[in-house]
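Below is one structure, written out as structure tokens, with a few remarks after it.
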Amino acid sequence: NKDHYKMSSSILPNASLEASAPTDTSSSNGTDSETRTDDGATNKIRRVDSSSAFVLQDTLKETFHPVPLPVPSGPVQKQLERVGARMSRGIQKKIQRKNTCFDWGAMLLPMLSWLRTYDFRNTLFGDIVAGLTVGIMVIPQSMSYAKLASLPVEYGLYSAFMPVFAYAFFGSSRQLAVGPVALVSLMLSTSLSHFVDPNENEAAYVTLAIQISMMVGFTYIILGALRLGFITIFLSHAVISGFTSGAAIIIGMSQIKYILGVPVKGSKQLHYLIGNIIIVINQFDWKIFLMGSFFIFLLLLMKHVGKTYAKFSFLRALGPLAVTAFGIIATVVFDLDEKGIPVIGDIPSGIPEISINKWSGIGAGLVSFVDLIPTVLSISIVGFMESIAIAKQLAVKHQYELDSSQELLGLGMANLAGAMFSSYPVTGSFSRTAVNNETGAKSGISALITASLVGMVLLFLTPLFTRMPTSVLGAIVISGVLGLVDLQEGKFLYKVHKLDFLVWIVSFSGTMFAGVETGLVIAVGLSLLLVLYESAYPHLPMIGRLPGTNVYRNIKQYPNATTYDGLVMCRIDAPIYFANTQNIREKLNKYELVSERDAIEAMKEKNDEGEDNQDNPISFDMLNTLTNFTKVYFIVIDMSPVSHIDTSGVHLLEEMNRDYKKRGLQMCLCNPNHYVMEKLFSSGLTDKIGTDYIYCNTHDAVKDCLKEIENKNSGKSPGSATTDEEDPIELELGSESGTLKQRTPGSDNDDHV
């Protein structure tokens with residue numbers, strides 16, 4: 001807003017705009033004091049949940065600089081002004097010019113937008129290093145996640161090959177590492193295992209996994225084409241954290257069988273999973289346990305060292321490969337596979353075969369299309385939620401725009417391309433994306449390098465992995481999901497916001513004990529309930545005048561704010577529509593009763609003080625004659641925060657105005673915006689309320705209302721109102737006249753004028 005901010009006319013490289021503090025101008029220009037003061041903006045924030053706190057924290061880190069840049073003067077300033085003028089003309093030309101074929105192509109193929117300005121000399125080496133590092137990391141990880149999805153290990157490599165190529169061309173994030181992830185792998189396994197046993201009918205199970213990938217791809221593309229990338233905003237930070245933590249525990253427990261060496265029957269519910277482990281614990285193999293525990297310890301140690309010491313950051317990415325190499329070497333040297341240590345076995349070599357023929361006959365004749373829809377939707381929501389969270393964070397860090405809807409198209413093309421080449425559903429990985437960013441990735445070229453490395457492994461190096469112990473796969477998965485269990489977040493939410501903590505607990509427990517899909521439904525349901533609750537129960541505070549100012553604020557937040565007998569002042573801090581009209585009506589009626597009760601109690605207290613002092617006590621007979629001073633005459637509603645009103649809201653105001661008129665009350669509306677005013681005018685409500693009772697700001701409304709109250713109490717006609725020199729807010733009146741009283745909650749004298 002140009003009235004709020006003063007910007008330097010000079011244009012400085014990398015300079016941030018400095019804003020001068022907004023000042024209160026309500027008394028001079030008649031605008032609404034609630035929106036013109038610096039504290040007014042924060043006063044209208046009803047609450048800040050944990051999600052908003054994280055957004056504010058990240059925004060402050062990226063936006064504000066501790067030292068403002070100096071503004072040059074003299075010849076330097078003139079030179080910069082000329083440069084700024086040329087830049088401004090260039091920007092105008094870009095705005096006015098029509099989109100070229102290249103621009104339209106970049107919208108469909110985001111790779112063209114960054115490839116056009118790609119700096120090969122300065123960024124290519126970093127992309128190559130990042131691509132090789134992530135490739136080394138994803139090879140053992142993808143095989144582990146395929147095992148988690150109850151698929152042969154080669155399908156993990158397939159999922160880290162063609163989908164990565166596709167996302168490099170169609171994805172909008174330049175650092176996101178797409179491929180198989182633990183959460184999606186678990187959801188696929190728990191869902192499809194209800195229809196097909198992967199051990200008895202592996203071919204049908206693989207077909208279903210490929211079909212799910214195809215359906216997820218089309219789902220993403222449809223959502224992206226409809227510009228529905230905003231859907232994830234309905235999932236709060238507490239919901240996501242609770243769901244992810246619960247799912248991570250389920251994933252870790254499902255891999256215990258590879259560490260203990262026991263054949264545990266899988267389950268998506270934690271208590272059943274623990275029971276199944278206890279049943280077969282007598283088959284515990286100490287040799288496998290020692291090997292698996294050592295691998296987990298080694299992975300966690302390398303990850304910790306890589307995070308703690310910057311010069312050893314490469315250890316974080318090399319952990320899975322180092323453990324894989326160690327396991328293979330130990331197996332070959334000591335013939336561990338012949339001594340009871342289970343290994344992976346043969347892995348087919350070569351690029352994955354084309355699997356479009358498996359798209360026909362959805363359900364492979366074993367399950368209907370409708371039965372697969374919940375699995376497709378749950379994987380789509382979780383996959384996009386996981387991907388967009390890290391992608392947006394990195395886009396802000398590297399200062400480029402990320403379109404959520406384009407990201408849906410990119411993930412859709414990745415899954416669709418994967419389904420053409422024997423892949424199961426993929427999405428962005430937290431761990432691999434973090435490594436990709438830390439090792440210098442600046443563009444999608446790093447993804448192309450990663451996919452190329454995986455392709456080389458598929459062509460030439462798969463025989464090396466045939467003697468890899470299965471405990472290595474379990475250790476990689478367990479070490480990977482331990483970082484997703486965020487119990488510290490639960491402690492933080494409990495300390496900061498109890499409602500968010502309750503949401504976190506419900507989401508966390510529901511995912512662990514009811515299953516991942518049910519937990520996701522609970523999480524989404526909780527998020528929607530929170531949105532509906534905040535919408536149906538808007539903040540509607542009583543307001544009072546801050547002493548010595550023309551500013552009106554929440555009397556709970558500012559206990560010394562002044563209120564007046566015969567006057568109810570409140571503010572509606574939300575749009576008025578069908579969902580919250582009932583709550584608004586109830587609160588306005590409540591405030592009317594509260595105002596009358598407070599006035600009566602104040603007079604009784606005055607009478608008690610008079611009896612104690614024996615100084616002109618007020619009798620109850622006199623109290624009954626002073627009902628005019630406890631009656632409410634005006635309801636002043638500050639509507640400056642009301643951005644929208646529907647027909648239900650209009651009917652609400654019309655009904656309340658009719659009820660007030662019958663009881664001798666007058667409704668006053670303050671500073672409705674142009675959209676709301678149009679609705680009030682077109683409905684005829686402005687004439688029913690009276691145009692004289694629609695004000696530009698709250699202070700003007702209060703002054704006029706107090707003048708009318710004074711005239712009524714003193715017996716004057718409306719035409720003989722107090723002059724401007726006798727402002728009823730500033731006028732000192734004797735206590736015996738009783739014509740006007742102001743109450744200041746918390747003050748020593750509750751009846752001072």
Self-check item: Residue Phe289 excluded, over 12 heavy atoms near CZ under 6.0 Å
Solution: no
Self-check item: Modelled atom types, side-chain donor and acceptor of Glu407 and Ser172, under 3.5 Å
Solution: yes
Quiz item: Is the backbone of Asn415 close enough, under 3.5 Å, to the side chain of Ser213 for a donor and an acceptor to pair up by distance?
Solution: yes
Quiz prompt | N/O donor-acceptor pair under 3.5 Å between Ser509 side chain and Ile505 backbone | solution = yes
Exercise. Calculate, to the nearest 0.5 Å, the distance between atoms CD1 and CG belonging to Ile256 and Leu273 respectively.
Key: 9.0 Å
Self-check item: His304 backbone acceptor or donor facing Thr308 side chain under 3.5 Å
Solution: yes
Quiz item: Any side-chain heavy atom of Gln406 sitting closer than 4.5 Å to one from Pro110?
Solution: yes
Quiz item: Is the shortest distance from a Lys or Arg side-chain nitrogen in Lys392 or Asp403 to a carboxylate oxygen in the other one below 4.0 Å?
Solution: no
Exercise. Taking the side chain as every heavy atom from C-beta outward, state whether Leu366 and Asn201 have any pair of such atoms under 4.5 Å apart.
Key: yes
Exercise. Give a yes or no answer on whether the side chain of Asn580 reaches the backbone of Pro538 with a donor-acceptor pair at less than 3.5 Å.
Key: no
Practice problem: Provide the closest heavy-atom pair for Gly131 versus Thr450 in the form atom of the first, atom of the second, distance. | Solution: O-OG1, 2.8 Å
Self-check item: Atom OH of Tyr400: over 12 foreign heavy atoms under 6.0 Å
Solution: yes
Quiz item: Is there a donor in the side chain of Ser185 and an acceptor in the side chain of Tyr424, or the other way round, less than 3.5 Å apart?
Solution: yes
Quiz item: Can you find a pair of side-chain heavy atoms, one from Glu386 and one from Val181, that are under 4.5 Å apart?
Solution: yes
Quiz prompt | Rounded distance [0.5 Å steps], CG in Leu148 versus OG in Ser254 | solution = 5.0 Å
Quiz item: What are the two closest non-hydrogen atoms of Ser479 and Leu299, and how far apart are they?
Solution: OG-CD1, 3.4 Å
Self-check item: Flag side-chain contact, heavy atom, 4.5 Å: Val454 against Tyr158
Solution: no
Quiz item: Where do Leu372 and Leu192 come nearest, in terms of heavy atoms and distance?
Solution: CD2-CD2, 4.2 Å
Quiz item: Are any side-chain N or O atoms of Gln255 and backbone N or O atoms of Ile478, one a donor and one an acceptor, separated by less than 3.5 Å?
Solution: no
Quiz item: Can the positive tip of Lys498 be found less than 6.0 Å from the middle of the six-membered ring of Tyr494, inside 45° of the ring normal?
Solution: yes
Quiz item: Under a 4.5 Å cut-off applied to non-hydrogen side-chain atoms, are Phe369 and Met215 in contact?
Solution: yes
Exercise. Would you please test Lys358 and Val206 for side chain to side chain contact (heavy atoms under 4.5 Å, CB included) and show each step?
Key: CA-CA 9 Å; Lys358 295 182 180 180; Val206 170; 4.3 Å; yes
Quiz item: Going by heavy atoms in the side chains, are Arg316 and Met302 under 4.5 Å from each other?
Solution: no
Practice problem: Determine, step by step, whether Asp646 and Phe578 satisfy the side chain to side chain contact (heavy atoms under 4.5 Å, CB included) criterion, reporting the C-alpha distance in whole Å, the side-chain angles of both residues, the deciding distance to 0.1 Å, and the verdict. | Solution: CA-CA 7 Å; Asp646 67 355; Phe578 66 93; 3.6 Å; yes
Quiz item: Can you tell me how far CD1 of Ile277 sits from NZ of Lys265, rounded to the nearest 0.5 angstrom?
Solution: 14.0 Å
Quiz item: Between Tyr537 and Gln582, does any side-chain donor sit less than 3.5 Å from a side-chain acceptor?
Solution: no
Self-check item: Approximate separation, where rounding is to 0.5 Å, of Ile379 CD1 and Leu188 CG
Solution: 5.0 Å
Quiz item: Stepwise, does the side chain to side chain donor-acceptor pair (under 3.5 Å) test hold for Asp371 with Ser368?
Solution: CA-CA 5 Å; Asp371 292 333; Ser368 66; 2.9 Å; yes
Practice problem: Write down the atom of Tyr220, the atom of Gly412, and the distance for their closest heavy-atom approach. | Solution: CB-CA, 3.4 Å
Self-check item: Modelled atom types, side-chain donor and acceptor of Ser189 and Ser150, under 3.5 Å
Solution: yes
Quiz item: Okay, side chain of Ser193, backbone of Thr190: is any donor-acceptor separation there less than 3.5 Å?
Solution: no
Quiz item: Where do Pro152 and Glu202 come nearest, in terms of heavy atoms and distance?
Solution: CG-OE2, 3.5 Å
Practice problem: Locate the shortest heavy-atom distance separating Leu453 from Ile136; write the atom from each residue and the value. | Solution: CD2-N, 3.7 Å
Quiz item: Is there a donor-acceptor pair closer than 3.5 Å between any side-chain N or O of Ser507 and the backbone N or O of Val503?
Solution: no
Quiz item: With side chains defined as the heavy atoms from C-beta onward, is the minimum distance between Ile347 and Val153 less than 4.5 Å?
Solution: yes
Exercise. Would you check if the side chain of Asp500 reaches a backbone N or O of Leu493 as a donor-acceptor pair within less than 3.5 Å?
Key: no
Exercise. Taking Asn437 for its side chain and Thr433 for its backbone only, find out whether a donor-acceptor pair lies under 3.5 Å.
Key: no
Practice problem: Would you mind reporting whether His398 and Arg174 have side-chain heavy atoms less than 4.5 Å apart? | Solution: no
Exercise. Kindly indicate, with the supporting measurements, whether the criterion side chain to side chain contact (heavy atoms under 4.5 Å, CB included) is fulfilled by Leu151 and Tyr145.
Key: CA-CA 9 Å; Leu151 289 165; Tyr145 294 151; over 6 Å; no
Practice problem: Just say parallel, tilted or perpendicular for the rings of Phe165 and Phe161, cut-offs at 30° and 60°. | Solution: perpendicular
Quiz item: Would Ile251 and Val477 count as a side chain to side chain contact (heavy atoms under 4.5 Å, CB included) if you check the C-alpha gap in whole Å, the side-chain angles of each, and the deciding distance to 0.1 Å?
Solution: CA-CA 8 Å; Ile251 293 170; Val477 173; 3.6 Å; yes
Quiz prompt | From CG (Leu416) to CZ (Phe170), nearest 0.5 Å | solution = 9.5 Å
Quiz item: To the nearest 0.5 Å, what is the distance between CZ (Arg432) and CG (Leu176)?
Solution: 9.5 Å
Quiz item: Counting distance only, does the side-chain N/O of Thr244 pair as donor-acceptor with the main-chain N or O of Ile240 below 3.5 Å?
Solution: yes
